[in-house]
Amino acid sequence: KQEVTQIPAALSVPEGENLVLNCSFTDSAIYNLQWFRQDPGKGLTSLLLIQSSQREQTSGRLNASLDKSSGRSTLYIAASQPGDSATYLCAVPWGGKLIFGQGTELSVKP
Amino acid sequence: NAGVTQTPKFRVLKTGQSMTLLCAQDMNHEYMYWYRQDPGMGLRLIHYSVGEGTTAKGEVPDGYNVSRLKKQNFLLGLESAAPSQTSVYFCASSYSLGSYEQYFGPGTRLTVT
């Protein structure tokens with residue numbers, strides 16, 4: 001059974017800090033891993049998708065890495081801004097569906 | 001290109017009432033999904049469809065029915081609403097499950113009293 005875990009559940013940082021969000025999964029036989037952002041009361045916005053053959057994906061200040069052998073992915077956010085405040089979720093496709101982590105709620109203080 | 005849209009955005013139902021949530025996508029995606037999101041439970045898959053005319057059960061299908069009569073639309077029905085179905089419902093679509101991104105709609109907030 002695939003389980004996805006995100007630590008920490010919540011994170012508060014001052015503006016300008018670089019930060020790392022963690023995602024771990026129990027079954028390394030994945031096609032890809034997707035990172036999403038969810039603002040309060042809103043839907044999920046796809047940030048990055050890393051294919052199983054890739055090690056990293058970058059989009060602006062975001063960098064996601066994938067280490068299948070250790071069952072881990074990290075989302076690195078550089079020079080954080082208050083507008084980055086949201087919940088970040090990772091998910092992997094498994095058994096015909098996406099398995100989501102519980103999310104990390106990020107708060108960036110001005 | 002509107003992406004994935006959901007109707008309605010908000011709804012309040014009384015126990016026992018029925019309703020249908022509509023999801024529409026304009027990306028010609030084969031796969032469509034219905035999730036519910038509850039505090040502390042995360043996102044859970046209710047039903048999904050791998051193509052027009054097909055549906056399949058997800059993790060929490062009880063109390064819900066779905067139909068995919070047209071490729072672009074995926075309907076979620078509640079025949080007899082219960083307070084336990086109070087939740088935020090998200091629809092999503094993707095080209096396929098394996099290597100492609102899922103795109104989500106804005107959600108429907110449903111309260112059953």
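None of the values given here were measured: they were computed from a predicted structure.
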Please check if the number of heavy atoms outside A:Gln2 that lie under 6.0 Å from its CD is greater than 12. yes
Any chain of hydrophobic side-chain contacts (each under 4.5 Å) joining A:Leu21 to A:Leu33? yes
Hydrophobic cluster membership, A:Leu44 vs B:Met32, 4.5 Å side-chain cutoff: no
Closest heavy-atom pair and its distance - A:Ser46, B:Glu101: OG-OE1, 2.6 Å
Tell me whether the count of non-hydrogen atoms from other residues, nucleotides or ligands lying under 6.0 Å of CE in B:Met41 goes above 12. no
Heavy atoms from other residues, nucleotides or ligands near CD of B:Glu79 exceed 12 (cutoff 6.0 Å): no
Less than 4.5 Å apart, side chain to side chain, heavy atoms only: is that true for A:Leu98 and B:Leu43? no
Smallest heavy-atom separation, B:Gln102 atom then A:Phe36 atom, equals O-CE2, 3.7 Å
Let's go through A:Phe100 and B:Gln37 carefully: what are the C-alpha distance in whole Å and the side-chain angles of both, what is the deciding distance for side chain to side chain contact (heavy atoms under 4.5 Å, CB included) to 0.1 Å, and is it a yes or a no? CA-CA 11 Å; A:Phe100 284 86; B:Gln37 187 177 37; over 6 Å; no
Taking side chain as everything from C-beta outward and backbone as N, CA, C, O, which of these in B:Tyr35 sits under 4.5 Å from a heavy atom of chain A? Side chain, backbone, both or neither. side chain
Tell me if the CZ atom of A:Arg55 is crowded by more than 12 foreign heavy atoms within 6.0 Å. no
Interface moiety of B:Gln6 toward chain A, non-hydrogen atoms closer than 4.5 Å: neither
Counting only non-hydrogen atoms closer than 4.5 Å, does B:Arg109 touch chain A with its backbone (N, CA, C, O), its side chain (CB onward), both, or neither? side chain
